[in-house]
**Q** 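Submitted below is the structure of interest, expressed as C-alpha cells.
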Number of protein chains: 2
Amino acid sequence: MSVVPEQPDQSDPSLRLLWRHRTASPEEPRTKRGPKQKVSVDEVVDAAIDLADAEGLAAVTMRAIAQRFGLGTMTLYSYVPNRDALLVLMADQATGRTVLPDLPENPRKRLELVARLQYDELRAHPWLLEVQDVRPWLGPNMSDRYEWQLRAVDGLGLSDLEMDQTVAVLMGFAGNIARSELMKRRAEKVTGMTEAEWWAANYDTLSEVMAGSHYPLANRVGTAAGEAYQAATDPARELDYGLARIIDGVLAHVAERSPD
Amino acid sequence: MSVVPEQPDQSDPSLRLLWRHRTASPEEPRTKRGPKQKVSVDEVVDAAIDLADAEGLAAVTMRAIAQRFGLGTMTLYSYVPNRDALLVLMADQATGRTVLPDLPENPRKRLELVARLQYDELRAHPWLLEVQDVRPWLGPNMSDRYEWQLRAVDGLGLSDLEMDQTVAVLMGFAGNIARSELMKRRAEKVTGMTEAEWWAANYDTLSEVMAGSHYPLANRVGTAAGEAYQAATDPARELDYGLARIIDGVLAHVAERSPD
DNA sequence: GACATCTTCGTACAGCGTACGAATTTGAAG
DNA sequence: CTTCAAATTCGTACGCTGTACGAAGATGTC
C-alpha cells in the first residue's frame with residue numbers, strides 16, 4: 001500500500017488523435033521505424049467525409065474507405081483505432097471546414113447567426129446528426145466553434161450557465177429542423193414518391209382506417225399546412241418561426257432582468 | 001389508353017398494421033385457413049418494447065425477439081413485414097402506454113405539460129429517439145397524441161401553421177434534452193466512468209493538447225458548469241431554462257398580436 | 001378426401017466491424 | 001554491413017445482423 005499503483009492511463013486515446021495538428025509536439029520526430037504510411041490520417045478522414053456527404057453515413061464502411069486508397073481493409077486500423085473514432089474525427093474535421101464569420105453587433109442577429117450557421121452546416125453534412133449520437137466530441141474545431149458561439153451570447157446579461165444553455169437550445173433547434181428535413185428527403189428516396197404523392201397514394205387507406213377516430217384539429221391544421229406548402233412541413237418556415245420565438249424569449253429574459 | 005391501368009397499390013402496407021385495432025373491420029373474420037398464430041402482433045411488439053427498454057434498441061434483433069417466444073427467427077416475418085416496420089409499431093404502441101392528462105387552463109402550464117410529457121416519455125423509452133429517424137410514423141396513438149398537443153396550443157391566438165410549428169418546437173426541444181441525457185448515460189456505460197471522473201482522468205491530456213489554443217469563455221463557462229453541477233451539463237436545469245424561454249417567446253408573440 | 005391457404009422455420013447469403021497473426025519494410029544499433 | 005526492433009500492411013476468419021427462399025406442416029373449405 002506504500003507504492004503508488006500503476007495508473008493504466010485512463011485517458012481517452014482518441015483525444016490526441018483529434019488534436020494531432022495543434023499539439024505543441026514535445027518530441028515529435030521520434031523513432032520512425034517501419035514503412036511510411038502511404039496516406040495521411042487527414043486524407044482518410046477527408047475521404048470518409050466526402051463519402052458520407054455523397055452516399056450517407058451508412059456507406060462509410062471500413063472496406064469502402066480502404067478501397068478508395070487501394071489499401072487493405074485492416075490497414076485503416078493503423079490510422080484510426082476503430083470506426084467510431086473515425087466518425088468523431090470526421091465530425092471535427094467537417095466542423096473545421098466551416099469558416100466562422102465575424103459576429104454582428106446586433107444581439108438578435110448574433111443569435112440568429114449561431115443557429116443558421118449550424119443549420120447550414122447540417123444541411124451540407126447531414127450525417128453529422130447521426131454522429132452526434134456516438135460521442136460528445138471534444139476536438140479542436142468543435143472547441144473553436146463553441147468558443148465562437150459563447151462569444152455570440154456574451155455580454156447579453158446572461159449568467160455563465162445561461163450562456164451555455166442558450167447555445168445548447170439554439171444548436172438543438174437548428175439540429176431538429178435539419179433532422180426533419182433529412183427525414184423528409186430519406187422518405188422520398190425510400191418510397192420513391194414526393195410527400196404530396198405519398199399523401200395522395202395513401203389518402204384512401206388513411207381515411208378508411210381513421211374512420212373511427214376524430215381529429216378535428218389535426219385535420220384543420222394538416223389542411224392548412226398542405227395548402228400552404230404542399231407538404232406536411234416546411235423546414236425553412238419552421239426555422240424562421242421557431243428561431244424568432246426562441247430569440248424573443250431569450251432577449252425578453254435578459255431585458256426583464258436589467259431594464260434600462 | 002382507354003382502360004385504367006392496374007394500380008399496383010402504392011399505399012403503405014404498414015398503415016393497416018398500425019391501425020389494426022381501430023379499423024372498422026369491414027369483413028374481418030374472413031378465410032382463416034392454416035394454423036393459428038401462436039402469439040399476437042401486440043405480444044411481439046410489447047416484447048420488443050420491453051427488450052428495448054431494458055437493453056437498448058440495438059438488442060432488439062429479430063433473433064432475440066423470436067427466442068423470447070420460442071419461435072424460429074423467420075416466423076416473425078409472418079407477424080411483421082420487416083424490422084423497420086416493427087420499430088414503427090413499437091413507437092406507436094409505446095406512445096399508447098402514456099395516458100394523456102387533462103389540459104390545464106393556464107396557457108403556460110399547457111405548453112409546459114406538452115413538453116414535459118414528451119420528455120418523461122423519452123426518458124422511459126430512450127430508444128424512441130432512434131426510432132424517430134426511421135420513419136414519420138402515423139399510427140393511431142401518435143395521432144391521438146398530436147391532436148392532444150394541438151388542443152394544448154389551440155385558442156392562444158396562433159395561426160394553424162403556427163400551432164403546428166409551436167408543437168414541433170416543444171417536442172424537438174424535449175427530445176434534445178432527452179438525447180443529451182441519453183448520450184451522457186451511454187458515455188458513462190462505455191467509459192465506465194462518471195462524467196466527473198472522465199474529466200479528471202483526461203485533465204492532463206486535455207491541458208497539454210489544448211495548450212496552444214485559447215478558450216477564455218469556454219473555460220469560464222465550463223468552470224461555472226462544473227461547479228454548479230459537477231458535470232458539463234444538467235438536463236433538468238436545461239429543460240427548465242429552455243422551456244421557459246421558448247414559452248416566453250410564444251406567449252409574447254400572441255400577446256403582441258392581440259393586445260387586450 | 002382433395003385442395004388451397006396460411007404458418008412455421010432451417011438454411012443460406014451478403015454485409016458489417018474487427019481480432020489475430022504473418023509478412024514486409026524500414027531506421028537505428030552494433 | 002549486418003542485425004534487430006519497431007512499424008506498417010493486409011489475408012483470413014469469426015460472430016453478428018436482416019432477410020430471401022423454399023420446404024414442411026397445419027388447418028379450414030369444397
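Numbered from 1 within each chain, the chains take letters A, B, ... in sequence-line order.
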**Q** OP1 or OP2 of dC9(C) versus the side-chain N and O atoms of Thr75(B): is any pair under 4.0 Å?
**A**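 For dC9(C), OP1/OP2 do have a side-chain N/O of Thr75(B) under 4.0 Å.
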**Q** Within residues 38-56 of chain B, find the residues that approach DNA chain C with a heavy atom at under 4.0 Å, and present them sorted by residue number.
**A**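 Going residue by residue through residues 38-56 of chain B, the ones with a heavy atom under 4.0 Å of DNA chain C turn out to be Lys38(B).
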**Q** CD of Glu197(B): more than 12 outside heavy atoms within 6.0 angstrom?
**A**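 Yes.
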**Q** So what does Phe69(B) touch, heavy atoms closer than 4.0 Å: a base, only the sugar-phosphate, or nothing?
**A**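 Nothing, no nucleic acid heavy atom in range.
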**Q** State whether Ser78(A) places a side-chain N or O below 4.0 Å from either non-bridging phosphate oxygen (OP1 or OP2) of dT9(D).
**A**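 Affirmative; the distance criterion is met.
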**Q** For dT9(D), does OP1 or OP2 lie under 4.0 Å from any side-chain N or O of Tyr79(A)?
**A**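 Tyr79(A) to dT9(D) OP1/OP2: side-chain N or O found under 4.0 Å.
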**Q** Can you sort out the partners of Asp42(A) under salt bridge (Lys or Arg N to Asp or Glu O under 4.0 Å), two or more places apart, ordered by chain and number?
**A**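 In terms of salt bridge (Lys or Arg N to Asp or Glu O under 4.0 Å), with neighbours along the sequence ignored, Asp42(A) is linked to Arg20(A).
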**Q** Count the heavy atoms belonging to other residues, nucleotides or ligands that lie under 6.0 Å from CD of Glu43(A), then report whether that count exceeds 12.
**A**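 Yes, because the 6.0 Å sphere around CD of Glu43(A) holds more than 12 heavy atoms from other groups.
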**Q** Would you give a per-nucleotide map of nucleotides 17-26 of chain C, 5' to 3', where B means the base has a protein non-hydrogen atom under 4.0 Å away, S means only the sugar-phosphate does, and - means neither?
**A** BBBB----BB
**Q** Using whole Å, report how far CD1 of Ile65(A) lies from P of dC10(D).
**A**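 After rounding, the gap between these two atoms is 15 Å.
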**Q** Rounded to the nearest angstrom, tell me the gap between atom CD in Gln67(A) and atom C1' in dT9(D).
**A**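 My rounded result for the distance is 16 Å.
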**Q** Which salt bridge (Lys or Arg N to Asp or Glu O under 4.0 Å) pairs, counting each pair once, include a residue from residues 47-76 of chain B, with sequence neighbours left out?
**A**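 As it turns out, the salt bridge (Lys or Arg N to Asp or Glu O under 4.0 Å) pairs with a partner in residues 47-76 of chain B, which skip direct neighbours, are Asp50(B)-Arg97(B).
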**Q** Rounded to the nearest angstrom, tell me the gap between atom CG in Leu76(B) and atom P in dG10(C).
**A**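 About 12 Å, once rounded to whole Å.
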**Q** For a quick check under 3.5 Å, do Gln93(B) and Asn141(B) share a side-chain donor-acceptor pair by atom type?
**A**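 Side-chain D/A pair, Gln93(B) to Asn141(B): absent.
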**Q** Tell me every residue that passes salt bridge (Lys or Arg N to Asp or Glu O under 4.0 Å) with Arg116(A), counting only those two or more places apart in sequence or in another chain.
**A**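 Arg116(A): salt bridge (Lys or Arg N to Asp or Glu O under 4.0 Å) contacts with Glu112(A), Asp240(A).
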**Q** Please step through side chain to side chain contact (heavy atoms under 4.5 Å, CB included) for the pair Val209(A) and Leu15(B), ending with a clear verdict.
**A** CA-CA 8 Å; Val209(A) 103; Leu15(B) 266 183; 5.8 Å; no
**Q** Could you note down all residue pairs passing salt bridge (Lys or Arg N to Asp or Glu O under 4.0 Å) where residues 171-182 of chain A supplies at least one of them, sequence neighbours left out?
**A**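 Sorted result for residues 171-182 of chain A: Arg123(A)-Glu181(A), Arg179(A)-Asp133(B).
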